[in-house]
Undergrad: 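Quick one: structure below, then a few questions.
Letters A, B, ... are given to chains in the order of the sequence lines, protein chains preceding strands, and every chain is numbered from 1.
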There are 2 protein chains.
Amino acid sequence: METLTPKKREMLERESRILEVARPMVVREGYHGLNMDRIADEVQYSKGTIYNHFSCKEEIIIALAIQTASKRTELFQRAAQFKSCARFRMMAIGEAAEKFVRDYPDYFQFEQILQLASVREKTSEKRQAVIRGSEMQCISMVAGVVRDAIAAEDLELPDGFSPEKLVFGLWSLTSGAYAIIFNSDSLEPLGLDDPFQTVRQHTEALLDGFNWTPHSNAYDSDKVLQKIRKEVFNNE
Amino acid sequence: METLTPKKREMLERESRILEVARPMVVREGYHGLNMDRIADEVQYSKGTIYNHFSCKEEIIIALAIQTASKRTELFQRAAQFKSCARFRMMAIGEAAEKFVRDYPDYFQFEQILQLASVREKTSEKRQAVIRGSEMQCISMVAGVVRDAIAAEDLELPDGFSPEKLVFGLWSLTSGAYAIIFNSDSLEPLGLDDPFQTVRQHTEALLDGFNWTPHSNAYDSDKVLQKIRKEVFNNE
DNA sequence: GATTATTTTTGACGGATCGTCAAAAAAATC
DNA sequence: GATTTTTTTGACGATCCGTCAAAAATAATC
């Protein structure tokens, strides 16, 4: 840490100050609210200096996403180490995913903006690779749990159905659900009181559908959940 | 149809010409590619006239989404009328959803753009209601099939688990999957050869997980699919 | 420590594009 | 055919992005 030249230190510090200032702009006013002149004003540097750090608006957004993405990896890592059977570890990962979107709802917004091709196109290949890598890390961890289940003979996937395909389904279900939850106007009419619980129920149903044992009717989901929240996440 | 005044006719015609010109702009160049001056150039009217039809860029995008949304309702309607048990009708709806995203991939892009709060905010409440209504129609149809299954005692949902909650899961799974599929860079590393088939398999697993009979191992999915494609969609 | 070379910062500027509005043109009415 | 109403026009103001030559700060050299 202390091996950095003072100049480099200043650069890094300024970089995070820029992001600090940019974050609430995007969060509160969305993509259009991110304004380079305003950033320059608020961090008390000229616009040119901001552009020395980030070559365009979009780079700032992806940098914000990267900041938060590491938090997800951490949460997944903790979940994957839960000492229990594969199925419960999978539940722990589900809990990590839920905790992530609840604790860092900003990330969701950044990701949504970055999903627009016209935005993503402008970001550097380098930062794109960081995001992809962080996502791949999470996917691998989930696939690892699936493999453990297979090894333990708790699960037998259909012919040609790779663990990654199962991860794809879980990923689709949860990310799709979170997308709906965060654009709430489509939710109220459905009368979903606790949408996160519904996601959990669907995840369990999906695993049951693949005959992953123990089947959800063989244990008390609430109990397991309490245990996970306490032991893995220290109750928040 | 012929009861319109010539002036009104011209207005409507011009409106669809504007959308015709705008569509490929958004599809090919994304949100940023939609340029009001270029539209004016291409439809050979002044910018002011364009603004008489659409009060801002964003209104054009939501109008494009509305154009396509009706196609989805049609497909869902056809699927819901498939003469078969509820479970196979649900499969037919899944097929309709798949056909929709394959036939009208543009819609997906429009929806993604409109999901950004900073974009949606600028659109009229009126058009937002149209979109919501169209989505609600589809959701109701799916919920109807779920209710039929319950009535036929093919399905018994857990206590407090409404048909709408099941729809929420199916909707999450498919829309989430399609979002991943259309941003393909996260797909290749997973080695998914036919992602749409994987979505179908997951849908079936989910229904199995809720114990919706007939269970997927009690019939030949491919056969049923062929039948649906032939009888409901005339093979494309 | 003075001078020169290099790096960093600055903010005025060009350019793109949005949305407006007063004036012009067209259509409707009398 | 004159007058009123509606529609169209495109020049214009405003915003905001990203650039770049000049200025300021820092480092290197003697």
Undergrad: Output the rounded distance in Å from CG (B/Leu34) to P (C/dA16).
TA: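 Going from CG in B/Leu34 over to P in C/dA16 covers 18 Å.
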Undergrad: A/Glu29 CD to D/dT15 P: how many Å, rounded?
TA: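 Taking atom P of D/dT15 as the reference, CD of A/Glu29 is at 15 Å.
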Undergrad: Check the pair A/His53, A/Tyr45 against ring pair (Phe, Tyr, Trp, His ring centres under 6.0 Å), reporting the backbone distance first and the verdict last.
TA: CA-CA 12 Å; A/His53 289 274; A/Tyr45 278 97; 8.0 Å; no
Undergrad: Does the side chain of B/Gln112 come under 3.5 Å of the side chain of B/Tyr31 through a donor N or O and an acceptor N or O?
TA: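 No, because no side-chain N or O of B/Gln112 sits under 3.5 Å from a partner of the opposite role on B/Tyr31.
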Undergrad: Rounding to an integer number of Å, can you tell me how far B/Tyr31 OH sits from D/dC17 P?
TA: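 Those two atoms, OH and P, are 13 Å apart.
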Undergrad: Within less than 4.0 Å of OP1 or OP2 of C/dA16, is there a side-chain N or O belonging to B/Asn35?
TA: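 B/Asn35 to C/dA16 OP1/OP2: no side-chain N or O under 4.0 Å.
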Undergrad: Whether the side chain of B/Arg78 engages the backbone of B/Val232 through a donor-acceptor N/O pair (distance < 3.5 Å, no angle test) should be reported.
TA: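 Confirmed, B/Arg78 side chain pairs with B/Val232 backbone.
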Undergrad: Between the protein and nucleotides 6-11 of chain C, which nitrogen or oxygen pairs come in under 3.5 angstrom?
TA:
from, atom 1, to, atom 2, distance (Å)
C/dT9, OP1, A/Arg14, NH1, 2.7
C/dT9, OP1, A/Arg14, NH2, 2.8
C/dT9, OP2, A/Arg14, NH2, 3.4
C/dT10, OP2, A/Ser46, N, 2.9
C/dT10, OP2, A/Ser46, OG, 3.2
C/dT10, OP2, A/Thr49, OG1, 2.8

Undergrad: Taking NZ from A/Lys122 and P from D/dC17, how many angstroms apart are they, rounded to a whole number?
TA: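 A/Lys122 atom NZ is separated from D/dC17 atom P by 10 Å.
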Undergrad: Applying side chain to side chain donor-acceptor pair (under 3.5 Å), name anything that partners B/Thr123, two or more places apart in sequence or on another chain.
TA: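 So B/Thr123 forms a side chain to side chain donor-acceptor pair (under 3.5 Å) with B/Gln128.
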Undergrad: To the nearest angstrom, how far is A/Arg38 atom CZ from D/dC17 atom C1'?
TA: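 My rounded result for the distance is 15 Å.
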Undergrad: Please report the distance, rounded to the nearest Å, between NZ in A/Lys57 and P in D/dT15.
TA: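 So the NZ-P distance, A/Lys57 to D/dT15, works out to 15 Å.
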Undergrad: Determine, for A/Lys47 against A/Asp37, whether the closest basic-nitrogen to carboxylate-oxygen distance falls under 4.0 angstrom.
TA: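 Looking at A/Lys47 and A/Asp37, the cut-off is met.
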Undergrad: How many whole angstroms separate atom OH of A/Tyr51 from atom C1' of C/dC13?
TA: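 Going from OH in A/Tyr51 over to C1' in C/dC13 covers 14 Å.
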Undergrad: Classify the ring geometry between A/Phe182 and A/Phe108 as parallel (under 30°), tilted (30 to 60°) or perpendicular (over 60°).
TA: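 A/Phe182 and A/Phe108: parallel rings.
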Undergrad: For B/Ile60 and C/dT17, what is the distance between atoms CD1 and P respectively, to the nearest whole Å?
TA: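 Distance check: B/Ile60 CD1 to C/dT17 P gives 15 Å.
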